[in-house]
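Step one of this worksheet: look at the structure below.
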Amino acid sequence: MPPDILMPALSPTMEEGKLAKWHVKEGDTVKPGDILAEIETDKATMEYEAVDEGKIGKLLVPEGAEGVKVNSPIAQLIAEDSDNSAVPAAKRAAAVPEQKAKPAPAPQPAKTAGKSGNGASAPQADSRVFASPLAKRIAEGKGINLSHISGTGPRGRIIKADVEAAIGGGAPAQHVPAARPAAPATAPPVSEAPGASPAGLALPDASRFYQDGEYEAVPNDSMRKAIARRLTSAKALVPHYYLTIECDIGALMQARARLNERSPKADGAYKLSVNDFVVKAAAQALLKHPDVNASWTDAAVLRHKHADIGIAVDLNPGLITPILFQAETKGLIELSGEMKSLAQRAKAKKLKPQEYEGGSFAISNLGMFGVREFTAIINPPHSAILAVGAAEERAVVRDGKITAASVMSITMSCDHRVIDGAMGARFLQTLRAYLEEPAAMLL
């Protein structure tokens with residue numbers, strides 16, 4: 001008898017998700033590769049494909065259900081010649097999370113169960129490769145050894161997404177955790193209870209200070225919970241310090257204007273932003289300072305061979321950091337086009353996990369909102385993030401005379417476990433040189 005269809009782990013950090021939409025109904029016959037459902041995580045909505053043949057017996061989780069735990073049954077799969085027998089009520093109750101008709105007037109602290117990991121089983125102990133037929137076909141066509149890939153499908157089965165992740169990463173999947181750790185290895189579990197601190201000290205629940213009717217209780221969705229959990233952990237466990245520089249970007253602004261004037265009016269049209277220059281300059285600077293382009297692990301500091309730069313994208317509400325991989329190999333027009341594409345798909349929740357997980361460095365730019373200067377929280381496994389402020393006309397002194405200049409403030413948050421103060425300062429010197437004289441990036 002085919003195994004039940006389980007809630008998949010669509011990323012290494014996924015613990016639960018929302019069953020956004022079913023693409024099958026009870027009684028439908030499915031085969032490997034057929035799309036069963038759309039699963040919404042905290043950052044993306046992805047299609048979930050079948051890995052076994054059979055007939056849909058019962059849909060155990062209704063469309064729109066939230067908080068469905070990874071590896072919990074979401075549908076019954078039966079042999080095609082079997083009856084569509086009923087699923088035991090106890091099993092259905094265990095699979096379907098409790099749905100509330102409406103949010104409570106005030107959020108109350110809720111205890112959470114211990115973490116079950118990312119839902120992916122370890123590779124099989126024997127020599128047999130447990131993979132879907134579609135995954136096998138793709139792997140065979142790309143010359144990938146499936147025994148080197150850890151499956152994220154039901155019971156550790158290798159599915160299409162796992163093979164695509166290995167192809168996109170340019171290396172077998174089992175090497176990814178070592179090169180791009182998802183979080184510090186010694187990170188203790190962080191309580192998800194409202195107001196809880198990483199050390200387990202309960203902070204006061206804000207709702208206790210206000211009377212009913214004085215506020216609107218907006219339930220925390222999966223993205224907001226993930227942001228709170230991850231950044232609380234990062235701020236508590238990563239020893240941050242901050243370095244700020246001011247860059248005279250007058251020459252950059254002139255170069256940008258000249259290049260945009262030369263943009264074709266039809267095919268190949270582009271419009272470069274200041275942020276495109278910042279990304280390119282950061283990528284070049286990271287190559288010159290590999291000790292900054294690094295990640296912390298207890299065993300070693302991992303120095304990355306490429307500048308894989310995450311760019312913070314506002315989802316209003318929410319935040320995601322898609323990655324420009326090997327940014328040092330790309331020109332301004334390519335970086336600009338790729339970033340626009342990533343931002344559009346991020347806002348539509350169409351990014352694949354391999355497009356926003358990992359990376360070696362990050363940039364957050366609030367200059368378009370008129371923010372002059374700010375600090376950002378490091379997003380592990382990165383060891384640094386640039387906080388880019390607005391370019392504005394300021395009075396500066398040159399040759400003893402006061403004159404106006406286009407100045408931009410940049411603050412780098414550094415992980416002191418990896419980047420010492422002087423090390424970070426040297427990186428920022430190089431970055432400023434590139435931003436103040438863009439032609440230097442050609443040398």
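Being a predicted model, the structure only gives us computed values, none of them experimental.
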Please check if atom NZ in Lys235 has more than 12 non-hydrogen atoms from other residues, nucleotides or ligands closer than 6.0 Å.
yes
Once rounded to the nearest 0.5 Å, what's the spacing between atom NE2 of His289 and atom CD1 of Ile419?
11.5 Å
Evaluate the side chain to side chain contact (heavy atoms under 4.5 Å, CB included) criterion for residues Glu328 and Gln326: first the C-alpha distance (whole Å), next the side-chain angles of each, then the deciding distance (0.1 Å), finally the verdict.
CA-CA 5 Å; Glu328 80 280 2; Gln326 300 187 21; 4.2 Å; yes
Any non-hydrogen side-chain atom of Met339 less than 4.5 Å from a side-chain atom of Val313?
yes
How would you list, by chain and number, every residue that makes a ring pair (Phe, Tyr, Trp, His ring centres under 6.0 Å) with Tyr241, sequence neighbours excluded?
His416
Is the distance between the ring centroids of Phe361 and Phe427 under 6.0 Å?
yes
From Gln76 atom CD to Ile56 atom CD1, the distance as rounded to the nearest 0.5 Å
9.5 Å
Taking all non-hydrogen atoms of both residues, which atom of Pro322 and which atom of Leu351 are closest, and how far apart?
CB-CD1, 3.9 Å
Measure the OG-CD1 distance between Ser72 and Ile5 for me, rounded to the nearest 0.5 Å.
12.5 Å
Do you know the tightest heavy-atom contact between Ile227 and Gly318?
CD1-CA, 4.1 Å
Donor-acceptor pair between Asn275 and Ser273 side chains, under 3.5 angstrom:
no
Are side-chain N/O atoms of Asp308 and Ser360 paired as donor and acceptor at under 3.5 Å?
no
Under a 4.5 Å cut-off applied to non-hydrogen side-chain atoms, are Lys347 and Leu315 in contact?
yes
Minimal non-hydrogen separation, Asn365 against Gly389, with atom names:
OD1-O, 4.4 Å
Can you name the one residue among Leu342, Ile323, Ile320 that meets side-chain contact (heavy atoms from CB on, under 4.5 Å) with Glu355?
Leu342
Would you check if the side chain of Asp4 reaches a backbone N or O of Leu6 as a donor-acceptor pair within less than 3.5 Å?
no
Taken to the nearest 0.5 Å, the spacing of Leu302 CG from His304 NE2 works out to 6.0 Å
Are side-chain heavy atoms of His240 and Ile378 found at a separation under 4.5 Å?
yes
Spacing of CG belonging to Leu431 relative to CD1 belonging to Ile410, to within rounding of 0.5 Å:
5.0 Å
Asp221 and Arg224: which non-hydrogen atoms are nearest, and at how many Å?
OD1-N, 2.8 Å
Do side-chain atoms of Lys330 reach the backbone of Phe325 as a donor and acceptor pair under 3.5 angstrom?
yes
Main-chain N/O of Ala228 paired with Thr232 side-chain donor or acceptor, under 3.5 Å:
yes
Begin from the C-alpha positions of Val274 and Met408 and carry the test side chain to side chain contact (heavy atoms under 4.5 Å, CB included) through to its verdict.
CA-CA 10 Å; Val274 171; Met408 182 171 66; 4.1 Å; yes
Can you list the steps and then say if Asp34 with Lys31 is a salt bridge (charged side-chain N to carboxylate O under 4.0 Å, His left out)?
CA-CA 6 Å; Asp34 287 349; Lys31 61 182 183 301; 3.3 Å; yes
Distance-only, no hydrogens or angles: does the Ser413 side chain make a donor-acceptor pair with backbone N or O of Ala376 under 3.5 Å?
yes
Regarding Lys25 and Asp28, does a basic nitrogen lie under 4.0 Å from an acidic carboxylate oxygen?
yes
So which atom in Ala37 and which in Leu19 form the shortest heavy-atom distance, rounded to 0.1 Å?
CB-CD2, 4.2 Å
Do Lys136 and Leu146 make a side-chain contact, defined as non-hydrogen atoms from C-beta onward lying under 4.5 Å apart?
yes
Would you please name every residue forming a salt bridge (Lys or Arg N to Asp or Glu O under 4.0 Å) with Glu16, sequence neighbours left out?
Lys69
Any side-chain heavy-atom pair from Leu286 and Pro290 closer than 4.5 angstrom?
no
Test item: side-chain donor near acceptor, His382 and Ser295, under 3.5 Å:
no
Contact between Ile35 and Tyr48 at the side-chain level, heavy atoms closer than 4.5 Å - yes or no?
no
Take Leu324 and Ile311, measure what side chain to side chain contact (heavy atoms under 4.5 Å, CB included) needs, and give me the verdict at the end.
CA-CA 8 Å; Leu324 294 166; Ile311 309 297; 3.8 Å; yes
Cut-off 3.5 Å, side chains only: do Arg230 and Asn379 have a donor facing an acceptor?
yes
For atom NZ of Lys340, decide whether the heavy atoms of other residues, nucleotides or ligands shown that lie under 6.0 angstrom number more than 12.
yes
Kindly indicate whether the side chain of Pro32, heavy atoms from C-beta on, has any atom under 4.5 Å from the side chain of Val51.
no
Atom of Leu259, atom of Phe277 and distance for their closest heavy-atom approach:
CD1-CZ, 4.1 Å
Short question: side chain of Glu63, backbone of Trp22 - any donor-acceptor pair under 3.5 Å?
yes
Check: Met423 main-chain N/O paired with Asp420 side-chain donor or acceptor under 3.5 Å:
no
Test log, rule side chain to side chain contact (heavy atoms under 4.5 Å, CB included), inputs Val30 and Glu53
CA-CA 6 Å; Val30 297; Glu53 295 181 352; over 6 Å; no
To the nearest 0.5 Å, tell me how far Ile74 CD1 sits from Ile39 CD1.
5.0 Å
With a 3.5 Å distance limit and no angle check, can you tell me whether Ser263 reaches the backbone of Tyr270 through a side-chain donor-acceptor pair?
yes
Trp296 and Pro380, any side-chain heavy atoms less than 4.5 Å apart
no
Checking the side chain of Asp276 only, and the main-chain atoms of Leu335 only, is there a donor and an acceptor separated by less than 3.5 Å?
no
